Amino acid sequence: MVVATWNVNSIKVRKEQVLEFLKEVGPDLLALQETKVKTEDFPFKPYQEIGYHVVHSGGKGRNGVALLSKVAPKIIKRGFENTSEPESFPDAEERLIGIEVEGFGFASLWVFSVYIPNGGQPESDYYYYKLSFFWQLKEFFEKTFSPEDPIILMGDFNVAPEDKDVFAPGLLEGHICFTEKERRAFFDLLSFGFYDTLREKYPDARGVFTWWDYQFGAFKKNQGMRLDHILITRPLLEKLGDVYVEKSFRTKPKPSDHAPLIAKFLV
DNA sequence: ATGACTGTCTTTGACAGA
């Protein structure tokens, strides 16, 4: 089983690149974020034609999450369910989508694509919305699942968890996506029972990033951040193979500012 | 000159992204 996550920064602009990725890498499951389209405008057809089931949840011009799967989804979930204050997260349906599939040795495997809010300026209202989104997401998993359930939660978390996840920790301290509160919120989510696949395989690796600013020649200098993550529960951990960033898609003409992150499992 | 950002819509500038 091969799974991948990719913030495409507009599916309209990246439609062909996603098709190319599916043909080259052939993931069983692909999570997309920032599709930036209403569901009726999502280009389902090219992906369905090469054998993928596609579910999408999004709004006009911003946000938007999708899952592409070789296996047909049994159940689809959009946004938060069973949480204490779902009305406080009006855009949750554009930021979280999940499917239940059967296969890869699992009677029930849940797969989620998530796009955590960026947060704007640290300490702003939007920043606290981002932190609350993390807490609500954890509560969603606590109320809906057990850490013994096979779950893959992947997407753009807009947090670089540790110093080794950014190119210049001193320079970026206090910068959005790298503040202490955001990093705590990320690890609090992990405490549900999630494992960060990249760190399980490469605990000490430096310079492994998934996002590079479009400005300042950042990609060329590998001045990036590790903001995209594939999280898994324990039943999947023992089957984890390699995890890597497919940087080639950041070098193509008109790239997304994020590169795909891929995890392979021995099932 | 060895760098220059890229999407979207309320579109020809503002704004969000990170």
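In what follows, every heavy atom counts, from backbone to side chain, and hydrogens, waters and symmetry copies are set aside. The sequence lines fix the lettering, A, B, ..., with proteins before strands; numbering per chain opens at 1. This is a predicted model, so every value here is computed, not measured.
- The nearest whole Å value for the distance from the CG atom in A/Leu171 to the P atom in B/dA18 is 19 Å.
- Using modelled atom types, one side-chain atom of A/Lys164 and one backbone atom of A/Pro203 make a donor-acceptor pair closer than 3.5 Å.
- Note: CG (A/Leu172) to P (B/dG17) measures 18 Å, nearest angstrom.
- Atom CH2 of A/Trp211 is separated from atom P of B/dC5 by 13 Å (rounded to the nearest Å).
- Ring-plane geometry between A/Phe194 and A/Phe141 is classed as perpendicular, the angle between the planes exceeding 60 degrees on a 0 to 90 degree scale with a lower cut at 30.
- Between the A/Arg78 side chain and the A/His56 main chain, a donor and an acceptor come within less than 3.5 Å of each other.
- Under a hydrophobic-cluster definition in which Ile, Leu, Val, Met, Phe, Trp and Tyr are linked whenever side-chain heavy atoms come within less than 4.5 Å, directly or via other members, A/Phe192 and A/Phe157 are assigned to the same cluster.
- Contacts between residues 155-170 of chain A and DNA chain B, defined by a heavy-atom separation below 4.0 Å, involve A/Asp156, A/Asn158, listed by number.
- Using atom P as the reference point in both B/dA18 and B/dG7, the two lie 13 Å apart (nearest Å).
- Between the CZ atom of A/Arg95 and the P atom of B/dA16 there is a distance of 13 Å, given to the nearest Å.
- A residue-by-residue look at A/Gly120 and A/Lys220 shows that A/Lys220 has its nearest nucleotide of DNA chain B further toward the 5' end.
- The aromatic rings of A/Phe140 and A/Phe112 stand perpendicular to each other, their planes meeting at an angle above 60°, with 30° marking the opposite boundary.
- Between A/Tyr129 and A/Phe89, the ring centre distance stays below 6.0 Å.
- Between A/Phe209 and A/Trp212, the angle of the ring planes goes over 60°, which puts this pair in the perpendicular group of the 30/60° scheme.
- Across B/dT12 and B/dT8, the matching C1' atoms stand 14 Å from one another, rounded to whole Å.
- Aromatic ring orientation, A/Phe186 versus A/Phe134: perpendicular (interplanar angle above 60°, classes split at 30° and 60°).
- Atoms CG (A/Asp228) and P (B/dA18) sit 9 Å apart, rounded to a whole Å.
- Among the protein residues, A/Phe178 comes within range of no part of the nucleic acid, since none of its heavy atoms lies under 4.0 Å from any strand.
- Using a 4.0 Å heavy-atom distance criterion, A/Phe219 is classed as making no nucleic acid contact.
- Not one side-chain nitrogen or oxygen of A/His258 sits closer than 4.0 Å to the OP1 or OP2 atom of B/dG17.
- Across the protein-nucleic acid pair, A/Met225 atom CE and B/dG17 atom P stand 15 Å apart, rounded to whole Å.
- As a whole-Å value, the separation of A/Tyr129 OH from B/dA18 C1' is 18 Å.
- Heavy atoms of A/Phe209 sit nowhere under 4.0 angstrom from any nucleic acid atom.
- Taking 4.0 Å as the cut-off between side-chain N and carboxylate O, A/Glu162 and A/Arg226 do not count as a salt-bridged pair.
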Detail all sub-3.5 Å separations between protein N/O atoms and N/O atoms belonging to nucleotides 6-8 of chain B.
unit_1: B/dG7; atom_1: OP1; unit_2: A/Arg14; atom_2: NH1; d: 3.0
unit_1: B/dG7; atom_1: OP2; unit_2: A/Lys254; atom_2: NZ; d: 2.8
unit_1: B/dT8; atom_1: OP1; unit_2: A/Ser10; atom_2: OG; d: 3.0

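- In A/Gln121, the CD atom is not crowded: 12 or fewer heavy atoms of neighbouring residues, nucleotides or ligands sit closer than 6.0 Å.
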Protein-nucleotides 13-15 of chain B N/O pairs under 3.5 Å:
none

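- For A/Tyr52 and A/Phe44, the gap between ring centers reaches or exceeds 6.0 Å.
- Comparing A/Gly217 and A/Leu227 against DNA chain B, the residue whose closest nucleotide sits nearer the 5' end is A/Gly217.
- When the P atom is compared between B/dT11 and B/dA16, the two are found 15 Å apart, to the nearest whole Å.
- On the C1' atoms, B/dT10 is 9 Å away from B/dA14, given to the nearest whole Å.
- Using a 4.0 Å heavy-atom distance criterion, A/Asn7 is classed as a sugar-phosphate-only contact.
- What separates CZ of A/Phe216 from P of B/dG3 is a distance of 14 Å, to the nearest Å.
- At the phosphate of B/dA16, neither OP1 nor OP2 sits under 4.0 Å from any side-chain N or O atom of A/Asn118.
- Taking every side-chain heavy atom of A/Ile176 into account, B/dA18 is the closest of B/dG17, B/dC5, B/dA18.
- In this structure, A/Glu102 pairs ionically with A/Lys74, as a charged nitrogen and a carboxylate oxygen lie closer than 4.0 Å.
- Side-chain atoms of A/Thr233 do not come within 3.5 Å of backbone N or O of A/Glu148 as any donor-acceptor pair.
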